[in-house]
Amino acid sequence: MNSISGATTSSVAKEAKRMKKGRISGNAGMTVLAYIITLLMLFPFLWMLLLSFKTNSDILNNPFSLPETLSFDNYERALTTLNMGLLYKNTFIIAVITIVIEVLITFMSSYALTRMVFRSERLRRSVTAFLLAGLAIPAFILLFPVYRLTLSFGLLNTYASLIIPYIATSISFNTLLFTGFLCGFPREVEEAAIIDGSGLLTLGRSVVFPIIMPVVATVFIFNMLYIWNEFPFAVTLISDETMTTISLGISQFKGRFNIDYGGIIAASTLLIIPQLVFFAVFQRFIIEGMTAGAVKG
Amino acid sequence: MKNRFSIILMACLLILSLAACGSNSTPKNENASSGAGPVTLSIAMHVANVKEQEPYMYGIIQKFQEKYPDIKIDLTGAETQEHVKKMKMMSQSGNLPDIFWMLPAPAKEMNKAGLLLDLTDFLKSNPEVAAGIDSQMVSDYQDGGKQFGLPYQALVTGLWYNKALFDQYKVKVPETYEELLAAAKVFKANNVVTIAKGSKDTFSTWAFLGMLTRYGFFDKIADIESGKEKFNNPDFLKLFNKIDELRVNGAFPENVSTLSYFQAVEMFTGGKAAMLDAGVWETKKIEGSPIAKTAGFSWGPTFSDGVGNQKIAMAVAAAPLVASAKVKDDPAKYDAVQKFFAFFYSQEGAAVMAENEAPPVVKYTGTVDKAKYPVYAEVISKLNEPGWERPKAQPDLVVSEAVANQLNDSIYGVINGIYKPEQALDLIDQKVAK
Amino acid sequence: MIWLSKRRTIFFMLIPTLIVYLGYIIMPVLISFYYSLTEYTGIGAARFIGLDNFNRLLNDSLFWISLKNTLIVLAVALLLLLPGAFLLALLLNVKVKGGNAVKALNFAPSIVAPILVGLIWVFILDPQMGMINVILTKLGLGQFALSWIGGKTLTPYSIGIVFTWQMIGFLATIFLAGLKMIPRDVYESSSMDGASKVQQMFRITIPMMNETVKINVILIITGVFKIFETVLLLTNGGPNHLSEVMVTYMYNVTFTSGEYGYGMAIATVTFLLTLIFSLVYMSLSRKSIEE
């Protein structure tokens, strides 16, 4: 008996070693592949970086040539035209309030829709489908009515004027992600907690929320970036200069019959870098969140 | 602990309601006050960055505030299409700014709905303003017995040309269509674009709209709209066949369908195209480009088979500056609006306009420094050249937005080689029928 | 679960979402639907004309072109984007050096301002001065230098490719979250049983990713029917509406031509088509699971 188990142990160890080795060499190949793909994806972006040092006429007439001299004119113009601090402050305030509220309410509703017992299954399904239908709605058809609503609530030119429509338009996306992932996730853990006597709030806060942390992080990142780039609502509901958000920045470089491409490219470069850093940082929570959940599970 | 969720929710609601209250207690750009105190005028323009993109308007506002320190101006803007959309939305909810820029067709609609201030009284009490603006341009914005707006700028369009390229290939700068066609053939053989254009921006058809007036557009348009005549008539067809002929002979860039107007401009200022279909708003840009010394402006070709006077110079009213009918409810505001219009069309205003090389809407009596602004001086001299008739308007500005849109689309359809001339005209007729 | 599911509790959990959704999404949609039954320029009063706008739609060749183009983009996205995003997620799931940076950079295309996407891709795809054709011609392969955009046929395919480029990082991130949710011990116990990597892929990863795939397919369908800025800036629907997709055509009719009522009719039909496509997919995928 002893010898057999000994053999098994050593073969398992060998196997593990072999796997580890394979993983390393596989990783080298994977790394190269990942870099190549990233480079391909980034190519247009790198090109944009190059264009940001060229004059407008050079950008349109000789897009492929290397800039003759490294000119920072475009960046200078971008920085004098845009009040970056203000843009970031407004966008950030709007984004944080929006995301806290929407994650809370859509998580609650999605949890109810996937875990709770409805009187009829049909009702549950139709409420879910009803909430998902919003995904099919292009923002343009909401503009006129939402403008009216905002005006009648006296909210024009306030943060709330954007916060409410942003929450509303995120409901469908969040519901899709939350219900989708909750459906695919086993309920045994929760049931054990309930048997231990936890109430709904404890259950939500200390059992379920940590488990689906990767999804919460994903929802958080996407909504942040959505708000960062959202244009139709922002341009419609905000006219006060002190309320402008990042997404409105680009339009500063457009006239009736002219466009300052150099300024736009430089401004976009300046705006996209913080976004990438933000994404890189928060991407981690998708991974860390999972490890935390796994330990508890 | 147990209540944390509800506490957060309460907090959020509180924030929301605070934000809501905050805005209610400090109404912005709404009727500030009446009577003696300072008045706030809200002005909305069609670019997001008025200071940079419409320096003319910005300069006037600065000067105006210096002169009338009691009148505060709250200036806002959004890019053209967004601006138009916004004004429509505001008009639905009775929330229009006091003064704003608008495209002619929707401005007319707003006037029909009784939303715009009638400026007839203003012109009567300010005869010097009425005398300063081209009378044709003033009458463009009259409808239903009301003067619903005044021209913001002159729309002066035609064909820019680069004399250097014409000299290089020994071609005459065309005055007639035959000369234009001959030049196109020479340029094509030498790989030079004759007329730089970009169909991605379908609005950029100015020179061709001008040509339409040389085939009797304004004699026919009333009949076309009442159904007695068609766009697909023998005269317009002659013009559309000529556009097709220019295409076949390689007068346009080969990739015209993927170019934008801005690329076309760069093509011209970069010396790669002999001509550019545009207007005098490009003056400042051309003035600052390498071809400034050799650039010229023309009214476009005349046609031997055209209808009526061929010497038509497209210098018309661009788009109106209008005021909300509501300003009349507040005497102080009404007074401020009138002061603003009076200042805008005064010689002081015209001076700001000239400084910014904007097309003059008021007869400007100052002089232009020829050495410093050769291109602007050329434009001004073209405008003052005797013997040229001014049309009523640019053709697309007297029809509905839908027909105007199709008109541009049809012209580009022929230039792109997508539509046959008859087909292009039929498509416009279909829109008129609706 | 049942003893937590008091009606009052369910009500409390659903109500905030429902209030915002009804007020800011459903009500505006109903208002827009009403306008689709009218003739309206966006100014003044709307005139009720019943179903005339929908009748007009049936005979509007541009509407059918925009529908056809949208479906082409959808096909390209399903064939290219979906598997592409999945493979990219698998790749990003392997620990590589600088993994976070790589993930972030792959996400870059979805956050570049659309106006730049338009500008840069025109420089790549333009038939005359675009990079692809310049290179092809230099290589002596001039016969393959086609009109990727601006011609009569290829534009929607090119749009599908640009859309794929834009969305792949976005969808890969969702796939990645799905991969991270698969408990690690499932893999560990299966490799104990001697399952190979490939077997693990087909027996564990793909079945357990079922919900994630569903999410992404729904996002692709709804995303494609909403494509707007990419087309607007790449071709502006041109030449002459031949590359129009449903939302750009709707936008053109509504805001450029000022036919608000007709535009809302197009929007209504677009909305219904998206719903139908999504529902058909959902019911198909449910069936395949049940089998």
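We use all heavy atoms of the structure for the numbers below, so side chains are in, but hydrogens, waters and symmetry mates are not.
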Testing the basics here: between Phe43(A) and Met131(C), what is the closest heavy-atom pair and its distance to 0.1 Å?
CE2-CE, 3.6 Å
Portion of Met208(C) that has a non-hydrogen atom of chain A nearer than 4.5 angstrom
neither
Nearest atoms (heavy-atom pairs only) where Leu149(A) meets Gly23(C):
CD1-O, 3.4 Å
Quick check: do Pro44(A) and Trp165(C) have side-chain heavy atoms less than 4.5 Å from each other?
yes
Check whether Ile218(C) gets within reach of chain A through its side chain, its backbone, both or neither, counting any heavy atom under 4.5 Å.
side chain
Do you know which of Thr38(A), Thr175(A), Leu60(A), Thr169(A) has the most heavy-atom pairs under 4.5 Å to chain C?
Thr38(A)
Checking heavy atoms, do the side chain of Ile174(C), its backbone, both or neither come under 4.5 Å from chain A?
both
Without swapping roles, check the side chain of Lys226(C) against the backbone of Leu135(A) for a donor-acceptor pair under 3.5 Å.
yes
4.5 Å side-chain heavy-atom contact, Leu219(C) and Leu176(A)
yes
With a 4.5 angstrom heavy-atom cut-off, is it the side chain or the backbone of Leu105(C) that approaches chain A, or both, or neither?
both
Side-chain contact, heavy-atom cut-off 4.5 Å: Ile105(A) with Ile15(C)?
no
Using only non-hydrogen atoms and a strict under-4.5 angstrom cutoff, which residues of residues 269-279 of chain C touch chain A?
Phe271(C), Thr274(C), Leu275(C)
Could you tell me how the ring of Phe107(C) sits relative to the ring of Phe222(A): parallel (under 30°), tilted (30 to 60°) or perpendicular (over 60°)?
parallel
Counting heavy-atom pairs under 4.5 Å with chain A, which one of Ile31(C), Val247(C), Leu119(C) comes out on top?
Leu119(C)
Atom CG of Leu92(C) and atom CD1 of Ile37(A): how far apart are they, to the nearest 0.5 Å?
8.0 Å
For Ala34(A) and Leu91(C) the tightest heavy-atom approach is CA-CD2, 3.6 Å
Minimum heavy-atom distance between Ile10(C) and Val117(A), given as atom pair plus value:
CD1-O, 3.6 Å
Nearest atoms (heavy-atom pairs only) where Ile141(A) meets Ser32(C)
O-OG, 2.9 Å
Measure the CG-CE distance between Leu132(A) and Met282(C) for me, rounded to the nearest 0.5 Å.
5.5 Å
If we define contacts as heavy-atom pairs under 4.5 Å, which of Phe225(C), Trp121(C), Tyr260(C) has the most with chain A?
Tyr260(C)
Measuring only between side-chain heavy atoms, which start at C-beta, is Met41(A) closer than 4.5 Å to Pro109(C)?
yes
Heavy-atom nearest pair, Ser109(A) first then Thr17(C), reads OG-OG1, 3.0 Å
When the aromatic ring centroids of Tyr35(C) and Phe144(A) are compared, is their separation below 6.0 Å?
no
Heavy-atom pair count under 4.5 Å with chain A, highest-scoring of Thr212(C), Val102(C), Val20(C), Asn106(C):
Asn106(C)
What's the spacing between Tyr21(C) OH and Thr106(A) OG1 if we round to 0.5 Å?
12.5 Å
The interface call for Leu88(C) against chain A, heavy-atom contacts under 4.5 Å, is side chain
